[in-house]
Peer 1: 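Handing you this structure, nothing more for now.
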2 protein chains.
Amino acid sequence: MHSPELLKGTLQTIVLKVLKDHGRMYGYEITQRVKELSDERIMLTEGALYPALHKLEAEGMLKTETETIGKRVRKYYSLTPQGRNLVKERVSEFIDFIQTMGNVLQVSLR
Amino acid sequence: MHSPELLKGTLQTIVLKVLKDHGRMYGYEITQRVKELSDERIMLTEGALYPALHKLEAEGMLKTETETIGKRVRKYYSLTPQGRNLVKERVSEFIDFIQTMGNVLQVSLR
DNA sequence: AATCAATACATAAGTGAATTATGTATAAAG
DNA sequence: CTTTATACATAATTCACTTATGTATTGATT
């Protein structure tokens with residue numbers, strides 16, 4: 001894992017984009033997917049993830065369906081149309097940020 | 001300016017790299033240089049910059065020389081050998097972070 | 001059968017890097 | 001002569017995160 005400071009402010013973007021790419025997912029599944037995609041570098045903590053999901057739901061960006069597997073409860077999240085717009089915004093925001101940082105740090109990102 | 005959340009954790013990296021590229025600089029000059037390089041997108045605030053500079057100095061990453069221009073005092077900062085190592089570390093840390101985010105968000109950064 | 005690790009959710013307490021606010025003072029511009 | 005820019009500094013506050021804690025089911029290990 002790299003300096004976790006850099007991760008600040010990226011959580012919403014990550015959650016939204018992963019949900020866009022993989023469709024309907026539950027919380028724990030998101031942590032595992034991100035862990036996998038990041039090659040163990042990004043380990044979302046529950047204390048950050050669940051409140052973030054609740055907030056996005058409250059804002060109408062995500063909708064939920066609860067499913068019971070055996071005796072275990074799973075809460076599936078998916079994007080609302082509004083959420084779909086937000087993903088685009090957040091991702092292009094991030095790309096713009098990278099571009100800007102590339103200029104400031106004078107590094108060519110790839 | 002884009003979502004300022006993303007900027008968190010990048011301040012040290014920015015300051016160190018700008019100092020590496022431009023040599024001896026004073027605080028206010030750093031804010032102006034970063035503003036210019038970022039095309040007005042990154043406006044370092046004094047409340048963040050000065051404490052960061054003091055901290056890096058206390059850690060032996062920067063050394064200072066005070067100069068008096070007229071009646072105005074300027075405090076010039078430059079990298080120590082240790083600081084030079086830290087820049088490399090921070091910049092490659094950042095590049096690694098970008099790469100990782102590219103994978104997670106499934107976007108090709110340029 | 002018992003214990004540990006993984007799965008799955010949730011929330012409260014604490015941290016720390018930032019923002020915002022405030023203060024001092026000189027120089028230049030209008 | 002008053003506003004804007006230059007130049008430093010620090011204290012108070014904020015808020016997204018980490019850390020800690022809690023509950024409960026499932027699967028693997030001894």
Side-chain angles (χ1 to χ4, degrees), chain A residues 1-16 24-36 40-59 62 64-77 90 93-94 97 101, chain B residues 1-16 24-36 38 40-59 61-62 64-77 90 93-94 97 101:
Chain A
M1 248 255 278
H2 37 62
S3 153
E5 300 296 307
L6 294 172
L7 230 32
K8 298 220 174 190
T10 60
L11 178 60
Q12 252 201 26
T13 309
I14 289 173
V15 168
L16 290 166
R24 199 166 160 278
M25 293 178 92
Y26 55 97
Y28 185 76
E29 194 184 3
I30 295 176
T31 66
Q32 297 309 300
R33 183 71 75 176
V34 170
K35 183 180 170 184
E36 196 189 320
E40 316 268 283
R41 283 184 182 82
I42 301 179
M43 312 287 278
L44 300 186
T45 58
E46 295 154 298
L49 179 65
Y50 291 117
L53 288 170
H54 300 333
K55 195 185 166 224
L56 286 167
E57 190 190 0
E59 291 168 353
L62 301 179
T64 56
E65 298 159 88
T66 301
E67 232 170 79
T68 307
I69 312 291
K71 282 180 184 170
R72 268 282 230 339
V73 174
R74 277 183 189 168
K75 215 165 146 187
Y76 280 91
Y77 289 88
R90 284 279 182 275
E93 216 166 68
F94 184 77
F97 163 70
M101 284 297 289
Chain B
M1 249 255 278
H2 37 63
S3 153
E5 300 296 307
L6 294 173
L7 228 32
K8 299 219 176 190
T10 61
L11 178 60
Q12 250 200 29
T13 309
I14 289 173
V15 168
L16 289 166
R24 201 166 157 276
M25 293 178 92
Y26 54 98
Y28 184 76
E29 193 183 5
I30 295 175
T31 65
Q32 297 310 299
R33 184 70 75 174
V34 170
K35 183 180 171 185
E36 196 190 319
S38 70
E40 315 270 283
R41 283 183 182 82
I42 301 178
M43 314 287 278
L44 301 186
T45 58
E46 295 154 296
L49 178 65
Y50 291 118
L53 287 171
H54 299 333
K55 196 185 164 225
L56 286 167
E57 191 190 358
E59 291 168 352
M61 301 301 155
L62 301 179
T64 56
E65 297 159 88
T66 301
E67 232 170 80
T68 308
I69 312 290
K71 279 179 186 172
R72 256 315 214 325
V73 173
R74 276 183 190 167
K75 214 165 147 187
Y76 279 92
Y77 289 88
R90 285 280 181 276
E93 215 167 68
F94 184 77
F97 164 71
M101 284 297 290

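By convention in this document, chain letters (A, B, ...) are assigned in the order of the sequence lines, proteins followed by strands, and residues within each chain are numbered from 1. Because only heavy atoms are used, hydrogens play no part in the values below, and waters and symmetry mates are left out as well, while side chains stay in.
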Peer 1: Measure the distance from CD on Q12(A) to C1' on dC15(D) and round it to the nearest whole Å.
Peer 2: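 Result: 13 Å.
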Peer 1: To the nearest Å, give me how far apart CG (L7(A)) and C1' (dC15(D)) are.
Peer 2: 16 Å
Peer 1: Does T45(B) have any side-chain contact (heavy atoms from CB on, under 4.5 Å) partners at least two apart in sequence or in another chain, and if so, which?
Peer 2: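 Partners of T45(B) by the side-chain contact (heavy atoms from CB on, under 4.5 Å) criterion, ordered by chain and then number, come out as A48(B).
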Peer 1: Find which nucleotide of DNA chain D each of K75(B) and K8(A) is nearest to by heavy atoms, and output the residue with the more 5' nucleotide.
Peer 2: K75(B)
Peer 1: Can you list everything that forms a salt bridge (Lys or Arg N to Asp or Glu O under 4.0 Å) with K35(A)? Sequence neighbours excluded, please.
Peer 2: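 Here no residue qualifies.
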Peer 1: Can you list the residues that meet the side-chain contact (heavy atoms from CB on, under 4.5 Å) rule with R72(B), with sequence neighbours excluded?
Peer 2: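 Result, side-chain contact (heavy atoms from CB on, under 4.5 Å) vs R72(B): none returned.
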Peer 1: Taking salt bridge (Lys or Arg N to Asp or Glu O under 4.0 Å) as the definition, give me every residue that meets it alongside E46(B), ordered by chain and number, with sequence neighbours left out.
Peer 2: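 Scan of E46(B) (salt bridge (Lys or Arg N to Asp or Glu O under 4.0 Å), adjacent residues dropped) gives none.
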Peer 1: Shortest non-hydrogen contact from M25(A) to E29(A)?
Peer 2: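 Looking at all heavy atoms of both residues, the closest pair is CA-OE1, 3.3 Å.
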Peer 1: What parts of residues 44-56 of chain B reach DNA chain C, counting only heavy atoms under 4.0 Å away?
Peer 2: T45(B), G47(B), A48(B)
Peer 1: If the condition is side chain to side chain donor-acceptor pair (under 3.5 Å), which residues does Y26(B) pass it with, not counting sequence neighbours?
Peer 2: R74(B)
Peer 1: What is the minimum heavy-atom distance between L6(A) and F97(B), and which atoms define it?
Peer 2: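 Smallest interatomic distance, heavy atoms only, reads O-CZ, 3.4 Å.
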Peer 1: Only counting residues at least two apart or in another chain, list the ones meeting salt bridge (Lys or Arg N to Asp or Glu O under 4.0 Å) with R24(B).
Peer 2: E65(B), E67(B)
Peer 1: Atom CD of E67(B) and atom P of dT26(C): how far apart are they, to the nearest Å?
Peer 2: 19 Å
Peer 1: Separation of M43(B) atom CE from dT20(C) atom P, in whole Å?
Peer 2: 12 Å
Peer 1: Over how many whole Å does the gap from R90(B) atom CZ to dA17(C) atom C1' extend?
Peer 2: 13 Å
Peer 1: Check each residue of residues 26-33 of chain A for a non-hydrogen atom within less than 4.0 Å of any atom in DNA chain C, then write out the ones that pass by number, or none.
Peer 2: Y26(A), G27(A), Y28(A)
Peer 1: From dA18(C), dA7(D), dA8(C), pick the nucleotide closest to the side chain of R74(A)?
Peer 2: dA8(C)
Peer 1: Starting at CE of M25(B) and ending at P of dC8(D), how long is that distance when rounded to a whole Å?
Peer 2: 11 Å
Peer 1: Checking T31(A) now: which residues fulfil side-chain contact (heavy atoms from CB on, under 4.5 Å) with it, not counting sequence neighbours?
Peer 2: Y28(A), L44(A), L49(A)
Peer 1: Who passes side-chain contact (heavy atoms from CB on, under 4.5 Å) against K75(A), sequence neighbours left out?
Peer 2: H54(A), E57(A), T64(A), T66(A), Y77(A)
Peer 1: Nearest whole angstrom, please: distance from the C1' of dT7(C) to the OH of Y76(A).
Peer 2: 12 Å
Peer 1: I'd like to check M43(B) versus V34(B) (side-chain heavy atoms, cut-off strictly below 4.5 Å). Are they in contact?
Peer 2: no
Peer 1: Below 3.5 Å is the cut-off: list the nitrogen or oxygen pairs between protein and nucleotides 27-29 of chain C, distance only.
Peer 2:
unit_1, atom_1, unit_2, atom_2, d
dA27(C), OP1, K71(B), N, 3.1
dA27(C), O4', R72(B), NH1, 3.1

Peer 1: Return the value, rounded to whole Å, for the distance between atom CD of E57(A) and atom C1' of dC9(C).
Peer 2: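 To the nearest whole Å, that distance equals 13 Å.
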